[in-house]
Colleague: 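Take this structure first; my questions come after.
In listed order, ligands and their atoms are each counted from 1.
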Amino acid sequence: MKLFEAALSHCQKAAELIGLKDDYLEILSEPQNEIIVNFPVRMEDGKLKVFTGYRIQHNNILGPYKGGLRFHPAVDLDEVNALAAWMTFKTALVGIPFGGAKGGVTIDPAEYSNEEMRRIVRRFTHALSYNIGPDHDIPAPDVGTNSQTMDWIMDTYSNTNAPSVKQSVKGVVTGKSVECGGSKSREAATGQGVLYNLRHWCGQQGIALDELSIGVQGMGNVGGHFARLAHEEGCKIIIVGDHHATIKNSEGLNIPELLEWIKQHGSVAGFAGGQEVDSEELFTTPMNVFVPAALENQITLERAKKMQCQLIIEAANGPTMIDADRYLTNNQIEIIPDILANSGGVIVSYFEWLQNKSAHYWSNDDIQLKLRDMLWEAYDEVLLFRHRLACTNREAAYAVALERLREVYDRRGIFP
Ligand code: NAD
């Protein structure tokens, strides 16, 4: 099954549960705009290379298109279509005035120098041109991109606009460095949001955070910050993996030391504070909570059958395959779905956009309080729908999102 079809299949089930009109489902089953750009960049050796980039604008009924940019060799139209649709449902679920989009470039950033990446990012921004903008479509970081990427995009966009608007277009991207107009707490926001979800789940179950053993797949922005924050709360992180290696320590890994190691060596491989094991052990090791924070389609049916945890929090987008999802649900392994679990990132992106618009910057405490409240409100809404519709967390999350989209479509009608 294509990833975009998988993304829509959850939506179809939720639509049935709430009796959504077929018209609306039909609209949401196609992205509004699919932008593909092929753009040339001069490499440092003097040779020219042409890259392919995408920006998929799925839906903007609730506000400007919003979603990350992924730089990865596996980026293709199907993947960005799915990621863009998930953004529409995520922003609707958490109640922020944005639509859904996603983009990317088919590239392995590790193969290029910093100077070449700077040229690629600037040329890609120029190729997208007026298809992005602070009130139209607002990219953010995702796999393979970071605050440096966002700073370059903002600078390129600002320099190709009229002098009178140069300062007011900072909000063309979120996830910028604080120095360039980014928000405090944005870098760690997705991992922080995952932890707020976990804390809420613990509260419901009557379990203390420091009783938990946790496994994390992916130690990049999301997985790394989540592991750090969970470790600070006393959770035992017993196994972590990235695209190079998997490290295990049943007594609990020393996460600050591990993160320092990753900073220096680019991977968990070779870290002496744990034992290197086969990556499949991420899925077979008994633990309380598993946090996939890498890529989509990681939890296959075969892997699901071996999993021994109580809860999966989907920090990554689309990590669980459809048949695995069904199997886990039938076997009482609870899932906090991606559109809720990793929404902390887009919530603080919304805060960054507001701060850029008002040129008034908020404190860390303000941001943390607002983030936690918005996340817990969305979580409680999902629980309410789950009980009302007698369905899974995932179906309930989509149902909440679809209700919000339906209300607006009902009021606005379909143009003309
Ligand atoms: P990142 O590039 O910072 O990190 C990705 C991590 O995954 C790296 O540690 C990498 O080694 C690991 N990885 C890649 N392939 C793997 C594999 N096959 N097996 C094991 N590990 C693998 O990316 P990120 O920003 O942390 O994003 C991770 C996930 O979170 C993605 O699904 C992304 O869409 C989602 N997400 C990110 C944000 C954000 O703010 N960055 C927000 C919401 C959702």
Colleague: When rounded to the nearest 0.5 angstrom, what distance separates CD in Gln308 from OG1 in Thr284?
Modeller: 7.5 Å
Colleague: Taking only heavy atoms of Arg186 into account, list the atoms of ligand 1 that are under 4.0 Å away from them.
Modeller: 40 (O)
Colleague: If you take the nearest heavy atom of each of Gly220, Ala140, Gly67, which one is closest to atom 6 (C) of ligand 1?
Modeller: Gly220
Colleague: Would you give the length of the straight line joining atom CG of Asn81 to atom NE2 of His58, rounded to the nearest 0.5 angstrom?
Modeller: 8.0 Å
Colleague: Within the 4.0 Å heavy-atom shell around Arg70, which atoms of ligand 1 are there?
Modeller: 31 (C), 32 (O), 33 (C), 34 (O)
Colleague: Between Val268 and Met219, which heavy-atom pair has the shortest distance, and what is it?
Modeller: CG1-CG, 4.1 Å
Colleague: Going by atom types only, do Tyr398 and Asn393 share a side-chain donor-acceptor pair under 3.5 Å?
Modeller: no
Colleague: Is Gly223 close to ligand 1, meaning an N/O of one under 3.5 Å from an N/O of the other?
Modeller: no
Colleague: Within 45° of the axis and under 6.0 Å from the centre of the six-membered ring of Trp362, does NZ or CZ of Lys370 qualify?
Modeller: yes
Colleague: How does Thr190 reach ligand 1, by side chain, by backbone, by both or by neither, if only non-hydrogen atoms under 4.0 Å count?
Modeller: side chain
Colleague: Nearest 0.5 angstrom please: Ile153 CD1 to Ile138 CD1, how far?
Modeller: 12.5 Å
Colleague: Is there a polar contact, in the sense of an N or O pair closer than 3.5 Å, between Ala294 and ligand 1?
Modeller: yes
Colleague: Return the residue, atom name and 0.1 Å-rounded distance of the protein heavy atom closest to atom 18 (N) of ligand 1.
Modeller: Gln298 OE1, 4.2 Å
Colleague: Does a side-chain N-to-carboxylate-O contact under 4.0 Å join Arg118 and Glu115?
Modeller: yes
Colleague: Please check if any side-chain donor atom of His200 sits under 3.5 Å from a side-chain acceptor atom of Asp380, or the reverse.
Modeller: yes
Colleague: Answer yes or no: is there an ion pair linking Glu403 with Arg388, defined by an N-O contact shorter than 4.0 Å?
Modeller: no
Colleague: Tell me the protein heavy atom at minimum distance from atom 9 (O) of ligand 1, and give that distance in Å.
Modeller: Met219 N, 2.9 Å
Colleague: To the nearest 0.1 Å, how far is atom 27 (O) of ligand 1 from its closest protein heavy atom, and which atom is that?
Modeller: Val143 CG2, 3.6 Å
Colleague: For atom 3 (O) of ligand 1, find the nearest protein heavy atom and state the residue, atom name and distance (0.1 Å precision).
Modeller: Asn221 N, 2.9 Å
Colleague: Among all the protein's non-hydrogen atoms, which is closest to atom 11 (O) of ligand 1, and how far away is it?
Modeller: His243 ND1, 2.4 Å
Colleague: Under 3.5 Å, N or O to N or O, is Gly218 touching ligand 1 that way?
Modeller: no
Colleague: Which atoms of ligand 1 sit under 4.0 Å from any heavy atom of Asn317?
Modeller: 32 (O), 33 (C), 34 (O), 35 (C), 36 (N), 44 (C)
Colleague: Could you see which bit of Ala293 sits under 4.0 Å from ligand 1, with heavy atoms only: side chain, backbone, both or neither?
Modeller: backbone
Colleague: Ignoring hydrogens, what is the shortest heavy-atom contact between Thr91 and Phe98? Give both atom names and the distance.
Modeller: OG1-O, 3.0 Å
Colleague: Does an N or O from Asp142, backbone or side chain, lie closer than 3.5 Å to an N or O of ligand 1?
Modeller: yes
Colleague: Please determine if Glu296 has a nitrogen or oxygen closer than 3.5 Å to a nitrogen or oxygen of ligand 1.
Modeller: no
Colleague: When rounded to the nearest 0.5 angstrom, what is the spacing between CG in Asp151 and CG in Asn146?
Modeller: 8.5 Å
Colleague: Any side-chain donor-acceptor pair under 3.5 Å between Glu260 and Gln264?
Modeller: yes
Colleague: Of all the non-hydrogen atoms in the protein, which one sits nearest to atom 21 (N) of ligand 1, and at what distance?
Modeller: Asp242 C, 3.2 Å
Colleague: Are Ala316 and ligand 1 in contact, using a heavy-atom cut-off of under 4.0 Å?
Modeller: yes
Colleague: Identify, for atom 19 (N) of ligand 1, the protein heavy atom at the shortest distance, and state residue, atom and that distance.
Modeller: Gln217 NE2, 3.6 Å
Colleague: Would Gly144 count as being in polar contact with ligand 1, using the rule that some N or O on each side must be under 3.5 angstrom apart?
Modeller: yes
Colleague: Please round to the nearest 0.5 Å and tell me the distance separating atom CD of Glu232 and atom CD1 of Ile255.
Modeller: 10.5 Å
Colleague: Report yes if the side chains of Leu311 and Gln205 come closer than 4.5 Å at any heavy-atom pair, otherwise no.
Modeller: no
Colleague: Taking both backbone and side-chain atoms of Val222, is any N or O found less than 3.5 Å from an N or O belonging to ligand 1?
Modeller: yes
Colleague: Go through ligand 1 atom by atom and flag the ones less than 4.0 Å from a non-hydrogen atom of Ala315.
Modeller: 30 (O), 35 (C), 44 (C)
Colleague: Does any N or O atom in Lys102 lie less than 3.5 angstrom from one in ligand 1, N or O only?
Modeller: no
